[in-house]
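Okay, structure first, notes after.
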2 protein chains.
Amino acid sequence: MTVTDIFKDFINDKGLRWTPQREIIMQVFSKSETHLTAEEIFNITIQQNSSIGIATVYRTMALLCEAGLAREGTNLYGKITFEPLYQRKQHDHLICTQCGIILEFEHPLIDKYRKDICLQHDFILQSHRMDLYGTCKDCTPTLPPNSPSS
Amino acid sequence: MTVTDIFKDFINDKGLRWTPQREIIMQVFSKSETHLTAEEIFNITIQQNSSIGIATVYRTMALLCEAGLAREGTNLYGKITFEPLYQRKQHDHLICTQCGIILEFEHPLIDKYRKDICLQHDFILQSHRMDLYGTCKDCTPTLPPNSPSS
DNA sequence: CTGTCTGCAAACTATTTGCATCCCT
DNA sequence: AGGGATGCAAATAGTTTGCAGACAG
């Protein structure tokens, strides 16, 4: 059962049609390890089929979200991004505000306490998003050894 | 030392000018307990000064963010929102996807593990955002007592 | 064949910017 | 007086929508 199969089933079950555009877009997207904007997905897809329009990317991504295979978000610049959800552990993000890189992590206890909180508030948790913003290892200026303490 | 004082100092220190518009916008904003969009802030301010333009709201909110008194975010509909930061404990959010209400909570252990994670990744934490999405107490359909188990 | 999909371009919406004028300092 | 601040309107930028033709089933 591949991601493509799942999406194809979803499309069929809704009485929609399986098209080359939908297949390409979903493949490009599901290969990605990071959060992509519609434009980024579009730029990759047109390398494989130069006649795809960005409207189709948006329309297909909406279907992928509906199918539970993708999730919408917003990047540092306010653009909509899509995050692959298929067969991925739930995780949280470290986002470097210098270079924009997104690192992933998970922490079982954070997860546990998250659920506790929801119980305490009679809140039925559907999903969550936790992003930690800061400076990643590579963007942290490291003082050279013996550097003057100006 | 009120919020207004802090903002006024910030404005002065930058060699900028204290204007009625800035004062009104900042007061409207700092009275708010929730996340507001620019338009919401605008709608309240024009009740006090009908000639304020929305561009000024955006410009003033940018200053408040720079001053560390506000923080930008995105609501369920993709619009930019502003969250007051002054003299408020850091906290996380429970966001009801039905009615949009935002409940706040804090959990010291989640906070501790968040910091641990950053240490492990040589990541210098500047800020974070954790939003839990789901259904709040009031929007949860409760079965009447003795309801049939259809 | 039928009705969905597509690409295109136009429409929208939220946000930003240019500019003449205003008004703090 | 001088230069930042404002409101307006126009410009952007991202996303959505309408439509005629293409095409899956």
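Quick note on labels: first sequence line is chain A, next is B, and so on, each numbered from 1.
- Think of the region where chain A sits on DNA chain D: with heavy atoms and a 4.0 Å cut, that region ends 5' and 3' at D:dG14 to D:dG25.
- Residues A:C136 and A:L94 are not in side-chain contact: their nearest non-hydrogen atoms beyond the backbone lie 4.5 Å or more apart.
- By the side chain to side chain contact (heavy atoms under 4.5 Å, CB included) test, B:I124 is found to be paired with A:T135, A:T140, residues two or more places apart in sequence or in another chain being considered.
- Proximity of a side-chain donor or acceptor of B:T74 to a complementary backbone N or O of B:K79 within less than 3.5 Å is not detected.
- Applying the salt bridge (Lys or Arg N to Asp or Glu O under 4.0 Å) test between B:E106 and each of B:K112, B:K89, B:R114, B:R88 identifies B:K89 as the sole match.
- Every residue two or more places apart in sequence or in another chain that forms a ring pair (Phe, Tyr, Trp, His ring centres under 6.0 Å) with B:Y113 is listed here: A:H107.
- When DNA chain C is scanned in the 5' to 3' direction for atoms under 4.0 Å from non-hydrogen atoms of chain B, the outermost contacting nucleotides are C:dA14 to C:dT25.
- Between B:F29 and B:F82, the angle of the ring planes goes over 60°, which puts this pair in the perpendicular group of the 30/60° scheme.
- A:I54 comes within 4.0 angstrom of nothing in the nucleic acid, heavy atoms only.
- Contact annotation: the side chain of A:V3 approaches that of A:M26 to within less than 4.5 Å [non-hydrogen atoms, C-beta and beyond].
- Taking the six-membered ring for Trp and thresholds of 30 and 60 degrees, B:F7 and B:F10 have nearly parallel ring planes, at less than 30 degrees apart.
- DNA chain C lies under 4.0 Å from at least one heavy atom of each of the following residues of residues 18-41 of chain B: B:W18.
- Taking every heavy atom of residues 61-81 of chain B and every atom of DNA chain C, pairs under 4.0 Å involve B:K79, B:I80, by number.
- Contacts of B:E83 classified as salt bridge (charged side-chain N to carboxylate O under 4.0 Å, His left out), with partners at least two apart in sequence or in another chain: B:R71.
- Side-chain atoms of B:R129 and A:L132, non-hydrogen and from C-beta on, never get closer than 4.5 Å to each other.
- With a 4.5 Å cut-off between side-chain heavy atoms of Ile, Leu, Val, Met, Phe, Trp and Tyr, the cluster of B:L119 takes in none.
- Not a single salt bridge (charged side-chain N to carboxylate O under 4.0 Å, His left out) links A:E23 to another residue, sequence neighbours left out.
- With hydrogens and angles ignored, the 3.5 Å screen pairs no side-chain donor or acceptor of B:N12 with any backbone N or O of B:D9.
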Less than 3.5 Å apart, which donor and acceptor atoms pair up between the side chains of residues 52-69 of chain B and the rest of the protein, not counting sequence neighbours?
from: B:T60; atom 1: OG1; to: B:T56; atom 2: O; distance (Å): 2.8
from: B:E66; atom 1: OE2; to: B:K14; atom 2: NZ; distance (Å): 2.5

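- An end-to-end axis angle of 30° holds for the helix from C:dC1-D:dG25 to C:dT25-D:dA1, taken from five base pairs per end and rounded to 10°.
- The salt bridge (charged side-chain N to carboxylate O under 4.0 Å, His left out) search around A:D122 returns B:K137, not counting sequence neighbours.
- Take the nearest nucleotide of DNA chain C for B:R17 and for B:A55: the residue whose nucleotide is more 5' is B:A55.
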